[in-house]
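Below you'll find the structure, written out as structure tokens, and then a few comments.
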Amino acid sequence: MDNIIGSDNPFTDDERNLLRQVAGLIIPASNQYNVPGADDETIFGRILVLAAGAAETLKFQLEAFENLAAKRHKECFSNLDKADKITLLKDTTNSNFLNRMIMYTAECYYADGRVLESINLKSTPPFPGGYELEQGDWSLLDPVRKRKPFYKKV
């Protein structure tokens, strides 16, 4: 997946910054497993591409999220410490936003080759990677091929 071209990006710099921070909190980098966090440039670029499809909803949710941070902590989300950020994310009033971000983050994170290799999965498609498929008996399909069509031609 390619990154969004700057002119096509529906998010402002502040919104992208907030989304990146949230993605990094959902899946942080791990030195132990030598994997990037979801706020990694490549992974986050994929998240932005995916999130662009629901930009209007996300923008509304981001605004409500920032308003909640300001109301509770008298600070914007970016200025909060990690514990306060996590507490704010877990607040039930943000469940739609958090669920959406978890879905986007996980989908894009586990599509990254570095992450797949860290969990011993190939980052390439299984075919044509050398997997041999046992050839079956194609004559088993003959009754289906001989059957009269059961659909209406249009």
Side-chain angles (χ1 to χ4, degrees), residues 1-134 136 150-154:
M1 234 180 262
D2 297 319
N3 289 338
I4 297 176
I5 297 171
S7 61
D8 293 337
N9 192 332
F11 301 105
T12 65
D13 289 341
D14 289 339
E15 291 167 339
R16 282 193 306 272
N17 181 41
L18 188 109
L19 290 171
R20 183 185 294 266
Q21 288 180 53
V22 170
L25 288 169
I26 293 171
I27 303 179
S30 171
N31 291 330
Q32 179 182 358
Y33 297 106
N34 195 27
V35 289
D39 55 353
D40 171 79
E41 190 69 34
T42 303
I43 297 169
F44 184 68
R46 290 184 181 126
I47 292 170
L48 279 181
V49 170
L50 196 57
E56 291 308 312
T57 302
L58 263 175
K59 285 173 160 288
F60 176 76
Q61 291 172 336
L62 282 170
E63 184 178 346
F65 187 64
E66 275 288 24
N67 290 340
L68 184 62
K71 180 180 175 183
R72 293 230 177 117
H73 301 281
K74 310 292 187 238
E75 292 277 350
C76 68
F77 183 79
S78 298
N79 294 339
L80 299 177
D81 63 27
K82 185 177 179 178
D84 286 339
K85 287 178 180 180
I86 291 171
T87 301
L88 196 62
L89 276 173
K90 288 182 177 180
D91 188 297
T92 56
T93 58
N94 298 317
S95 63
N96 289 336
F97 170 66
L98 182 59
N99 290 339
R100 183 181 301 271
M101 283 304 296
I102 288 171
M103 181 182 68
Y104 292 159
T105 302
E107 183 175 334
C108 296
Y109 187 77
Y110 289 104
D112 188 78
R114 298 165 292 177
V115 174
L116 292 175
E117 289 173 12
S118 77
I119 55 176
N120 296 322
L121 292 175
K122 282 186 171 184
S123 61
T124 59
F127 182 79
Y131 292 118
E132 293 292 326
L133 295 177
E134 185 179 319
F150 55 89
Y151 53 88
K152 183 178 180 180
K153 290 186 178 184
V154 288

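Everything numeric in this text was worked out from a predicted model, so none of it was measured.
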Please assess N67 against K71 for the test side chain to side chain contact (heavy atoms under 4.5 Å, CB included), listing each intermediate value before the final yes or no. CA-CA 6 Å; N67 290 340; K71 180 180 175 183; over 6 Å; no

Ignoring hydrogens, what is the shortest heavy-atom contact between E117 and S123? Give both atom names and the distance.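 Closest approach of E117 to S123, heavy atoms only: OE2-OG, 3.4 Å.
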
Write down the atom of I27, the atom of A106, and the distance for their closest heavy-atom approach.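 Looks like CD1-CA, 4.4 Å.
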
Counting N and O atoms only, with roles assigned by atom type, does the side chain of [X] sit under 3.5 Å from a partner on the main chain of [Y], one being a donor and the other an acceptor?
X    : Y    : answer
T105 : I102 : no
K59  : P10  : yes
E66  : F77  : yes

Gap separating the [atom1] atom of [X] from the [atom2] atom of [Y], nearest 0.5 angstrom:
X   : Y   : atom1 : atom2 : answer
F65 : L98 : CZ    : CG    : 8.0 Å
L48 : E15 : CG    : CD    : 10.5 Å
Q21 : K85 : CD    : NZ    : 4.0 Å
H73 : D84 : NE2   : CG    : 4.5 Å
L18 : T12 : CG    : OG1   : 9.0 Å
F11 : L58 : CZ    : CG    : 5.0 Å

Neighbour count >12 (heavy atoms, 6.0 Å) for atom CD, E75: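 Check passes, neighbour count above 12.
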
Residue pair Y109, I47: steps toward the side chain to side chain contact (heavy atoms under 4.5 Å, CB included) verdict: CA-CA 8 Å; Y109 187 77; I47 292 170; over 6 Å; no

Once salt bridge (Lys or Arg N to Asp or Glu O under 4.0 Å) is applied, do any residues pair with R114, and if so which ones, sequence neighbours excluded?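 Per chain and number, R114 pairs via salt bridge (Lys or Arg N to Asp or Glu O under 4.0 Å) with D40, D112.
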
Taking only residues two or more places apart in sequence or in another chain, which ones pass salt bridge (Lys or Arg N to Asp or Glu O under 4.0 Å) with D39?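 Result, salt bridge (Lys or Arg N to Asp or Glu O under 4.0 Å) vs D39: none returned.
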
Atom pairs and distances, side-chain donor-acceptor, residues 28-38, under 3.5 Å, sequence neighbours left out:
| residue | atom | partner | partner atom | Å |
| --- | --- | --- | --- | --- |
| S30 | OG | Q32 | N | 3.4 |
| S30 | OG | Y33 | N | 3.2 |

Derivation of the side chain to side chain contact (heavy atoms under 4.5 Å, CB included) call for Y104 and L19: CA-CA 11 Å; Y104 292 159; L19 290 171; over 6 Å; no

Side-chain contact, heavy-atom cut-off 4.5 Å: D91 with R72?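 Heavy-atom side-chain distance check passes, below 4.5 Å.
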
